[in-house]
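For reference, the structure is listed below as structure tokens.
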Amino acid sequence: MPHHITLIAGDGIGPEVATATQKVIDALGVHVIWDEQDAGLGSLKKHGSALPECTLNSIRKNTVALKGPTTTPVGEGHISANVQLRRTFDLYASVRPVRSVLGVKTRFEDVDLVIFRENTEGLYAGLENEISNGVILSIKVVTEKATRRIAKAAFEYAAKKGRKKVTVSHKANIMKLGDGFFLKVVREVAQNYPAIKLEEVIIDALCMNLVSNPSKYDVLVMENLYGDIVSDLCAGLVGGLGLVPGANIGEEVAIFEAVHGSAADLAGKGVANPTALLKSACMMLEHLGELSAGERLETAINQVLATGKIRTCDLGGTASTNEYADAIIAALSR
Ligand code: NAI
């Protein structure tokens with residue numbers, strides 16, 4: 001049976017990394033029928049909407065999407081297509097595995113952690129008001145339902161993958177009500193998983209610990225904004241944004257996308273690193289039950305990076321996006 005997957009190439013480097021990823025997945029021999037749809041700034045210009053109804057309908061029908069990055073203007077303009085997608089399909093868990101890659105030299109060799117970022121509320125709830133001239137309120141929303149399910153997702157993942165510790169990060173010393181409630185609910189959920197240790201750390205201390213000793217972390221769970229920032233920080237620990245994948249998971253729909261954005265500085269040059277989207281595709285294949293295909297792809301990516309001959313510019317190489325994708329396709333058949 002073929003898999004029907006919505007493919008959103010997105011903006012900037014999105015189409016380049018999406019085309020490369022599509023080519024590699026097709027070479028894997030997994031039977032995918034791609035339904036190509038638009039979202040983001042390009043879509044706004046083409047359809048008058050950053051997230052047109054046809055894209056939403058396609059995702060509704062297929063329930064799985066692979067998505068390139070979409071551009072969101074800073075301080076003005078349309079609401080982020082990502083935020084809208086997460087709200088529309090209630091994609092409450094953003095899952096971001098961050099692993100050291102053999103052959104990619106960084107300050108640390110043994111990073112292996114997974115971030116569970118609450119994806120639907122916090123300061124991303126979109127509740128902003130100018131209540132009087134020069135006074136803005138941005139409201140942070142913390143609900144029991146959203147906190148309980150992200151905590152459960154983190155602990156379930158830890159239990160399934162044999163991980164030993166979940167670290168919850170917060171700022172409950174200052175935001176005693178909001179972050180205090182998040183912490184309280186995570187503690188309650190943790191009681192159902194006695195074999196997994198719960199560790200608590202204030203978000204600023206977490207950032208310091210991550211840049212000095214990241215290998216002490218295993219599974220991390222936190223609210224939306226902290227998770228967004230910590231994801232990029234962690235990408236820096238293992239070689240940059242070109243390497244770190246992600247998944248946005250809900251009850252019905254799952255959307256797989258890299259942590260990175262549309263990288264305007266590289267767009268159209270054919271030099272972006274598609275690894276992050278390729279690794280997101282590995283997560284997608286696991287989600288689809290294509291376990292051996294996902295593992296073959298992961299192995300091929302790691303082999304090409306470990307050999308170090310063919311690399312994109314972000315990792316100090318000169319290969320184009322396409323040459324790198326071709327090297328992975330060649331590695332698949334070794
Ligand atoms: P960014 O992640 O696009 O880029 C930061 C820098 O990292 C780039 O300038 C580039 O040099 C490097 N980089 C990122 N991805 C790379 C790759 N695959 N290969 C090689 N180098 C790579 O972050 P920025 O500049 O903050 O955001 C640009 C736009 O992307 C914004 O409009 C933002 O809203 C959007 N964005 C979208 C996301 C999504 O659709 N999931 C996620 C993050 C940002």
Side-chain angles (χ1 to χ4, degrees), residues 92-119 122 147 149-171 182-183 186-187 189-190 193 195-249 256-260 273 275-280 282-284 286-287 294-295 298 301-302 305-306 315:
Y92 63 88
S94 168
V95 185
R96 295 172 161 185
V98 183
R99 284 191 194 104
S100 298
V101 181
L102 196 66
V104 177
K105 198 163 166 32
T106 64
R107 287 184 59 209
F108 308 101
E109 287 172 354
D110 50 0
V111 180
D112 181 10
L113 56 87
V114 186
I115 300 162
F116 278 74
R117 163 188 171 193
E118 200 294 315
N119 218 14
T147 308
R149 64 188 179 176
I150 191 66
K152 187 166 178 242
F155 277 95
E156 282 293 320
Y157 178 93
K160 186 173 159 203
K161 301 279 185 182
R163 288 179 175 258
K164 302 280 175 263
K165 184 172 74 169
V166 172
T167 302
V168 57
S169 195
H170 61 86
K171 192 78 188 176
F182 189 89
L183 186 57
V186 175
R187 282 178 186 156
V189 171
Y193 302 86
I196 299 164
K197 183 178 173 215
L198 173 68
E199 178 185 63
E200 301 174 7
V201 59
I202 292 174
I203 185 67
D204 34 350
L206 174 73
C207 292
M208 202 278 290
N209 294 341
L210 280 169
V211 297
S212 52
N213 185 15
S215 53
K216 75 186 283 241
Y217 292 106
D218 195 342
V219 175
L220 293 164
V221 63
M222 61 200 82
E223 61 90 81
N224 210 337
L225 176 64
Y226 306 153
D228 197 0
I229 296 168
V230 166
S231 299
D232 276 32
L233 185 159
C234 288
L237 299 174
V238 296
L241 284 165
L243 295 174
V244 177
N248 299 293
I249 309 283
F256 297 84
E257 65 176 346
V259 168
H260 67 74
N273 187 347
T275 304
L277 194 61
L278 284 163
K279 289 204 167 191
S280 307
C282 294
M283 296 172 80
M284 181 181 79
E286 184 181 348
H287 176 84
E295 280 163 20
E298 184 101 36
I301 297 166
N302 289 339
L305 288 171
L315 298 180

- request: Could you go through the salt bridge (Lys or Arg N to Asp or Glu O under 4.0 Å) check for K197 and D218 one step at a time?
  value: CA-CA 10 Å; K197 183 178 173 215; D218 195 342; over 6 Å; no

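- Using a 4.5 Å cut-off on side-chain heavy atoms (C-beta onward), V101 and N302 make contact.
- The distance from atom CD1 of I202 to atom OG of S169, rounded to the nearest 0.5 Å, is 8.5 Å.
- Within the structure, ring-ring contact (aromatic ring centres under 6.0 Å, His included) pairs that include any residue of residues 206-247 do not occur (at least two apart or interchain).
- Other residues, nucleotides and ligands contribute at most 12 non-hydrogen atoms within 6.0 Å of the NZ atom of K152.
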Can you give the donor-acceptor pairs under 3.5 Å from side chains of residues 234-247 to other protein atoms, not counting sequence neighbours?
none

message: The test is side-chain contact (heavy atoms from CB on, under 4.5 Å); show your working for L305 and L102 and say whether it passes.
response: CA-CA 7 Å; L305 288 171; L102 196 66; over 6 Å; no

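- Here the CG atom belonging to D110 is positioned 6.0 Å from the OG atom belonging to S100, to the nearest 0.5 angstrom.
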message: Working note: V166 + E199, criterion side-chain contact (heavy atoms from CB on, under 4.5 Å); need CA distance, chi angles, decisive distance, verdict.
response: CA-CA 6 Å; V166 172; E199 178 185 63; over 6 Å; no

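- For the pair R96/L113, no side-chain contact is recorded, criterion being any heavy-atom separation below 4.5 Å from C-beta on.
- In terms of heavy-atom proximity, R117 sits nearest to I150 at O-CD1, 3.7 Å.
- L278 CG to M283 CE: the interatomic distance, rounded to the nearest 0.5 Å, is 13.5 Å.
- When side chains are defined from C-beta on, L198 counts as touching F155, because their heavy atoms get closer than 4.5 Å.
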field: Residues V114, R163; criterion side-chain contact (heavy atoms from CB on, under 4.5 Å); working and verdict
entry: CA-CA 10 Å; V114 186; R163 288 179 175 258; 3.9 Å; yes

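- In plain terms, the two heavy atoms of A159 and I196 that are nearest each other are N-CD1, 3.6 Å.
- Looking at heavy atoms from C-beta onward, K279 lies in side-chain contact with I301 at the 4.5 angstrom threshold.
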- request: Under the side-chain contact (heavy atoms from CB on, under 4.5 Å) rule, what do F108 and V211 come out as? Steps first, then yes or no, please.
  value: CA-CA 9 Å; F108 308 101; V211 297; 5.7 Å; no

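- Between L206 and L220 the shortest side-chain heavy-atom distance falls below 4.5 Å.
- Annotation: side chain of N209 is in contact with side chain of K216 (closest heavy-atom distance under 4.5 Å).
- The two residues I115 and S231 have their closest heavy-atom pair at CD1-CA, 3.7 Å.
- When side chains are defined from C-beta on, V168 counts as touching L183, because their heavy atoms get closer than 4.5 Å.
- No side-chain heavy atom of M222 sits less than 4.5 Å from a side-chain heavy atom of E118.
- Between the OG1 atom in T167 and the CZ atom in F116 there is a gap of 13.0 Å [rounded to 0.5 Å].
- Between the side chain of D112 and the backbone N or O of R99 there is no donor-acceptor pair closer than 3.5 Å.
- Residues F182 and E223 share a closest heavy-atom pair of CZ-N, 3.6 Å.
- Taking each heavy atom of D204 and K171 in turn, the nearest pair found is OD2-NZ, 2.9 Å.
- Considering all non-hydrogen atoms of both residues, S280 and A276 come closest at OG-O, 2.7 Å.
- Between the side chain of S94 and the backbone N or O of N119 there is no donor-acceptor pair closer than 3.5 Å.
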